[in-house]
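This report concerns only the one structure given below.
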Amino acid sequence: MELSAAVMKQWALRINEKMQEHKDKLSELDQAIGDGDHGHNMARGFQEAANKVNDSSYDDIGTMYKDIASTLISKVGGASGPLYGTAFLKAANAWKGRDVLDSEAFTEGIEAAVGGIETRGKASFGDKTMLDVWIPVRDEMKERGVDTEQANKTAAKEAEATIDRVAKKGRASYLGERSKGHMDPGAFSSQLVFEALAEVYKEGAS
Amino acid sequence: MELSAAVMKQWALRINEKMQEHKDKLSELDQAIGDGDHGHNMARGFQEAANKVNDSSYDDIGTMYKDIASTLISKVGGASGPLYGTAFLKAANAWKGRDVLDSEAFTEGIEAAVGGIETRGKASFGDKTMLDVWIPVRDEMKERGVDTEQANKTAAKEAEATIDRVAKKGRASYLGERSKGHMDPGAFSSQLVFEALAEVYKEGAS
Amino acid sequence: MAKVSIIVISHSKELADGIVDLVSQTKQEDVAIAAAGGTEEGEIGTSVDRITGAVESVTTEEGVLLLFDIGSALMNAEMALEMLPELEGRITIADAPLVEGAYIAAVEAGMGKTLEEVKKAAESAKEWKKIED
Amino acid sequence: MAKVSIIVISHSKELADGIVDLVSQTKQEDVAIAAAGGTEEGEIGTSVDRITGAVESVTTEEGVLLLFDIGSALMNAEMALEMLPELEGRITIADAPLVEGAYIAAVEAGMGKTLEEVKKAAESAKEWKKIED
Ligand SMILES: Nc1ncnc2c1ncn2[C@@H]1O[C@H](COP(=O)(O)OP(=O)(O)O)[C@@H](O)[C@H]1O
Ligand SMILES: Nc1ncnc2c1ncn2[C@@H]1O[C@H](COP(=O)(O)OP(=O)(O)O)[C@@H](O)[C@H]1O
Ligand SMILES: [Mg+2]
Ligand SMILES: [Mg+2]
Ligand SMILES: [Mg+2]
Ligand SMILES: [Mg+2]
């Protein structure tokens, strides 16, 4: 498995397309257990990131993802800004100086990203946050190497699994038991991130 | 000793004059240990009260002071609004239906006023508030009957005595020891209240 | 079903309005939240009339919880209560941090809790650990 | 003498500005207090850039204390700290109720207290009894 700078660029652009497409659903999910802005936050942040990536040309994947991270950090007003921002920033550090990522290198980035989300948000698996998706995806990659189709499936399954959980972190945690019965919006946006990865990998490989 | 409705009206008007005259000093005192608006608050509140009294004619001193109290309650934004407002409202209840006050009746009003300030602000003598002036004045009146000249002297002495105290109530209490060394603004405005009383009584009697 | 309403009392109009904005974001269904900030002249201070006005604008059968910023706002809140004797038992003041208390009160009110429960929740905001070790 | 500065971080611009108004009223000599409220687009949310900007506008030798409203504001506050490594040791975040903490922090800063002391004071605002029995 290899991900070229071109595919990594497509990934960022595709994430943006997914966020635009599912903006309303993301906000609806957030409406149920948060403040209803997750779609707005993601759509704005990734649009700016896509603009940035489109306006620049990168050989270094690290530099590209550092720009994406900075844009998310600056442009997303909610919790997801520092969280996704930190995730991509840590990944960018791992990908520094590379114009192509093999399975190991990509996994290192995802590991670093998860570490970043954990440090930033102090949540653990099962707290009904985006980490409920990222952690199993990372674990699988570490164990078996990168399989983007598998990551996509795992992400979707784990996002679904947040429905029955009680939120322990973020705004939804104020709701206690009432947070049960709804998918975590950040888990769904994270699912979209891996859905985008599977798509662009498939297209790039074909 | 008797205080007619006319003198009681003059009292309110004279208090207003004093507050206008000493507005800057009141605010300066409040600047040192509070938020610097006591002069502004008193000047605005008593101006409105004076307007109200001037625009109306009262036989009943109770009704007159009820109007004064309501005006203070509505028009003063700070702590002194509910405090002076409650004081005059309680006094007004005691003076209800009277067109002249003898020493006993006037004292009943002052007693009620002090009770009102205590209930409203939950302060005690020595907390460096307006009560540090009102309580000794009341005690003297209860003991020896109304002597407006004496009340004026006591008020001035007791306002002065607040300088060395540490504030235990109101905004100044946040300063702890740093509140020492400054006269309490509400104690000074209360001194002006009794200074006004002595003046109008003297003029009314002459 | 009627839910508990919330009044945010502050010396600053902006502060009170901002809290209402922040809290309203969570869109608790059927929870009315009103601001009573600043004096009637738009200055820093509090106003009994604004408080009673705010209370009257959101009163429900479940009751009204008042939160305030600092000291003298409490005196005006208490005056307001005295001026609304018809609401006795359905109106109370919370000893709670203003922003945090209003936020959690709105969430609890949204769950259909009673006035006493919403008040307790607001007051428990004091014990929030806002930063984890 | 330099005194500790204070940053009020809130999801709402009005809320943060209102607190600065309220606190500034006490005119603590030489205490700078700055608001970082809302996003750069003027929406509800917080912004790292606004926080770092506010910090830079009031940094003193004595240091800067940051207070925030709810959860995600903390993450942005922590990001801001990481983006200002040159201030390490002179910048810290208080686990304090926003309005009450900012008020008491300003008073303590005005007394010339150290950053650590001002932070402690802000955090002690949790234990304030706002209503006496
Ligand atoms: N402490 C945290 N750790 C990990 N993820 C978090 C944390 N807090 C919130 N999240 C994620 O962020 C999502 C909400 O993002 P968003 O709505 O954009 O921010 P906000 O809650 O500030 O409005 C949640 O659904 C959750 O997945
Ligand atoms: N709890 C209280 N009990 C009695 N008097 C008080 C109390 N709190 C404040 N005061 C009085 O009010 C004065 C301050 O009034 P003012 O400056 O008009 O209000 P604020 O403090 O709200 O700005 C103080 O100097 C003090 O005399
Ligand atoms: Mg949200
Ligand atoms: Mg939000
Ligand atoms: Mg004052
Ligand atoms: Mg004031």
### Task
Output the residues of residues 18-26 of chain C for which the shortest heavy-atom distance to chain D is under 4.5 Å, in residue-number order; output 'none' if no such residue exists.
C:G18, C:I19, C:D21, C:L22, C:Q25

### Distance (rounded to the nearest 0.5 Å) between D:K129 NZ and C:K126 NZ
6.5 Å

### Task
Side chain from CB out, backbone as N, CA, C, O: work out which of these in C:L74 comes under 4.5 Å of a heavy atom of chain D, or both, or neither.
side chain

### Message
Donor-acceptor pair, distance only, cut-off 3.5 Å: does the side chain of C:E100 make one with the backbone of D:I70?
### Response
no

### Message
Is it true that, when you exclude C:E41 itself, more than 12 heavy atoms of the residues, nucleotides or ligands shown sit nearer than 6.0 Å to its CD?
### Response
yes

### Query
Below 4.5 Å, heavy atoms only, C-beta onward: do C:F68 and D:V99 meet side chain to side chain?
no

#### Entry: Spacing of D:E14 atom CD and C:L15 atom CG [to the nearest 0.5 Å]
9.5 Å

### Query
Would you say the side chain of D:D95 lies within less than 4.5 Å of the side chain of C:W128, judging by non-hydrogen atoms?
no

### Query
If you measure from CD1 on C:I93 to NZ on D:K130, what distance do you get to the nearest 0.5 Å?
11.0 Å

### Query
Between D:A16 and chain C, which part of the residue has a heavy atom less than 4.5 Å away: side chain, backbone, both or neither?
neither

#### Entry: D:E86 atom CD, over 12 foreign heavy atoms within 6.0 Å
yes

### Task
Sort out for me which of C:A96, C:P97, C:G37, C:G38 touches chain D most, counting heavy-atom pairs under 4.5 Å.
C:P97

### Task
Please state whether the side chain, the backbone, both or neither of C:A94 comes within less than 4.5 Å of a heavy atom of chain D.
backbone

